[in-house]
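Here's the structure, in C-alpha cells; my notes come after.
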There are 2 protein chains.
Amino acid sequence: MKNSLAYSLLATAALGLLASTATSHDTPEQDDSPMHGYAYGNPALEASPVSLEQLRELQTSLLFGEDDVAALRMSLEVLRPQVDDILDVWYGFVGSTPHLLAYFSDPATGEPDGDYLAAVRKRFGAWVLDTAKAEYDEAWLAWQHEIGLRHHTTKKNLTDGGRGPSIVHFSHMVALTIPVTTTLKPFLEKGGHTPEEVERMHQAWIKSVLLQTILWSHPYIKDGEF
Amino acid sequence: MKNSLAYSLLATAALGLLASTATSHDTPEQDDSPMHGYAYGNPALEASPVSLEQLRELQTSLLFGEDDVAALRMSLEVLRPQVDDILDVWYGFVGSTPHLLAYFSDPATGEPDGDYLAAVRKRFGAWVLDTAKAEYDEAWLAWQHEIGLRHHTTKKNLTDGGRGPSIVHFSHMVALTIPVTTTLKPFLEKGGHTPEEVERMHQAWIKSVLLQTILWSHPYIKDGEF
C-alpha cells in the first residue's frame with residue numbers, strides 16, 4: 001500500500017507511454033469528427049432495466065439532491081478546458097497499475113492495446129462533460145446501462161474491437177470511483193471558486209460517480225438482487 | 001430530491017421513534033453482555049472467497065494506503081465517545097426514508113421490527129469502532145464476507161430472527177456509503193484535530209466503507225465477475 005495521491009501523480013509522470021497513444025486534441029469540443037461508439041441520446045439504445053422511480057430512490061439513498069446537481073453543473077466550465085490533463089492523470093494511474101492495465105491488454109501477450117486505449121479515451125473525455133451536465137432522465141439511464149454492458153462480458157471489446165480480457169471485474173469498476181474523484185479535486189480548485197464551492201463540487205462528483213458505477217453493475221448482479 | 005444533509009439532520013430530530021427502540025447505553029464499551037451475532041475474529045466463520053492478495057489489489061484501485069490506515073486509527077478515539085449520537089443520526093436517516101426502513105419492516109404489515117432494529121444497532125456500534133481500528137487480515141475478510149451474507153438472501157434475518165424482507169438490495173447497500181460517511185464528518189470535527197486531519201479521516205472513511213460495501217457485494221455477483 002502506498003501514499004496514493006503521490007503514487008498517482010508519480011504514475012502520470014512515468015506514463016508518457018500510454019498518454020501518447022492518444023493525440024492531445026481529441027476531447028469532444030476540439031474534434032469535429034463523430035466519436036466512434038458514443039451513443040448517449042441514441043434512441044436505438046436498449047432501455048435501462050432501472051426505472052426513473054428506482055433512480056430517484058437510489059439518489060435519496062446517496063443523499064444526492066438538487067444542490068449536487070447545481071455543484072456538478074458549476075464544475076462543467078471548470079473542467080471543460082482541463083479534460084486532456086485530467087485524462088493524462090487517470091491514464092497515468094491505470095497505466096502504472098498492472099492489474100488495471102491488464103483490462104486494456106491482450107491476455108495472450110500482456111501487451112497494452114494502444115488503439116483500444118485511445119478509442120476509450122475519447123469517450124472518457126465526453127463522459128467527464130456528461131457527468132458535469134448532470135441530466136438524469138431515461139436517455140441518461142439507457143446510456144448508463146450501455147456503459148455497464150460494455151464493461152461486462154455482454155459487450156466488452158465489441159465497440160472498438162479491443163483485444164482486452166472479456167470483463168472489467170465488478171470490484172475494480174466500483175473501486176475506481178475513488179481515484180477518479182480524488183485526482184479530480186486539484187482540477188476543481190483551478191476555476192476560481194471558493195474552497196466551500198470546490199468541496200461541494202468534489203462531494204457531488206463522488207456521489208455521481210458512485211451512482212454511475214452502481215448502475216453499471218446491473219449486468220453483474222444476480223436476478224432480482226440489484 | 002432534497003438538500004440531503006439538512007434532510008438527514010431533520011430526520012434525526014423527527015425520529016424519536018426508532019432511536020428509542022435501543023437503549024442509550026448499548027455501545028460495546030458500555031455494555032458487558034456478549035453481543036448477539038457479533039463474530040469478528042470467530043474462527044468458525046467461513047473464509048472469505050476474496051484472498052489477501054485480491055484485497056491488496058482492491059486497496060490499490062481505491063488509492064487506499066498506509067496514510068488512510070493512520071487516519072482511520074486517528075478517528076478511533078474521536079468517534080468512540082460519540083457512537084450513540086452517530087447511530088441516532090444514521091437510524092434517523094434510515095427511519096425517515098421509507099424504501100430504507102422497509103428493509104427493517106415486516107413486508108406483510110409494513111410495521112418496523114423494533115427488536116431487529118435494536119439488535120442490529122448494537123453491532124453497528126461495534127462496526128464503527130472496528131472500521132476505525134483498520135486491521136486488514138484474513139479474520140477481517142471473513143467477517144466482511146459474513147456481513148455480506150447477512151445482507152444477502154443467504155443469511156438475511158437469520159441472526160436476529162428479524163421480520164424484514166429477505167434481502168437488502170445491492171444498489172442501496174453500496175449507496176449507503178455516502179450517508180454513512182457524510183453524516184460522520186461533523187463528528188470527526190469534534191476531536192480537536194486540524195481541518196486537514198479531519199479531511200484525511202473523512203476521505204479514509206469513504207474509502208474504507210466503499211471497500212467494505214464492495215466486499216459485502218460478493219454474494220450478489222455472478223460467478224467469476226467479482
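- Between Glu57(A) and His169(B), the closest side-chain pair of non-hydrogen atoms is not below 4.5 Å.
- Lys222(A) has its side chain out of reach of Ile221(B): every pair of non-hydrogen atoms, C-beta onward, lies at least 4.5 Å apart.
- In this structure, chain B has a heavy atom under 4.5 Å from the side chain of His202(A), while its backbone stays farther away.
- There is no contact between His218(A) and chain B, counting heavy-atom distances below 4.5 Å.
- To the nearest 0.5 Å, atom OG1 of residue Thr177(B) and atom CD1 of residue Ile206(A) are 11.0 Å apart.
- Using a 4.5 Å cut-off between heavy atoms, Ile167(B) contacts chain A through its side chain alone, with no backbone atom that close.
- Closest of all the heavy-atom pairs between Ser61(B) and Leu176(A) is O-CD2, 4.0 Å.
- In this structure, the ring of Phe170(B) has its center no less than 6.0 angstrom from the ring center of Tyr220(A).
- Thr60(A) and Phe93(B) make their closest contact through O-CZ, 3.5 Å (heavy atoms, listed as atom of the first residue, atom of the second, distance).
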Q: Begin with the C-alpha distance, continue with both residues' side-chain angles, and end with the deciding distance and a verdict on side-chain contact (heavy atoms from CB on, under 4.5 Å) for Leu210(A) and Leu210(B).
A: CA-CA 9 Å; Leu210(A) 185 56; Leu210(B) 184 56; 3.8 Å; yes

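- No part of Gln54(A) comes within reach of chain B, as not one of its non-hydrogen atoms sits under 4.5 angstrom from that chain.
- Proximity to chain B involves both the backbone and the side chain of Leu58(A), based on heavy atoms less than 4.5 angstrom apart.
- Annotation for Leu63(A) and Thr182(B): closest pair CD1-CB, 3.9 Å, computed over non-hydrogen atoms.
- Rounded to the nearest 0.5 angstrom, Ile214(B) CD1 and Thr213(A) OG1 are separated by 7.5 Å.
- Taking OG from Ser166(A) and CD from Glu225(B), the interatomic distance works out to 9.0 Å, rounded to the nearest 0.5 Å.
- Note that CZ of Arg56(A) is 13.0 Å distant from NE2 of His99(B), once rounded to the nearest 0.5 Å.
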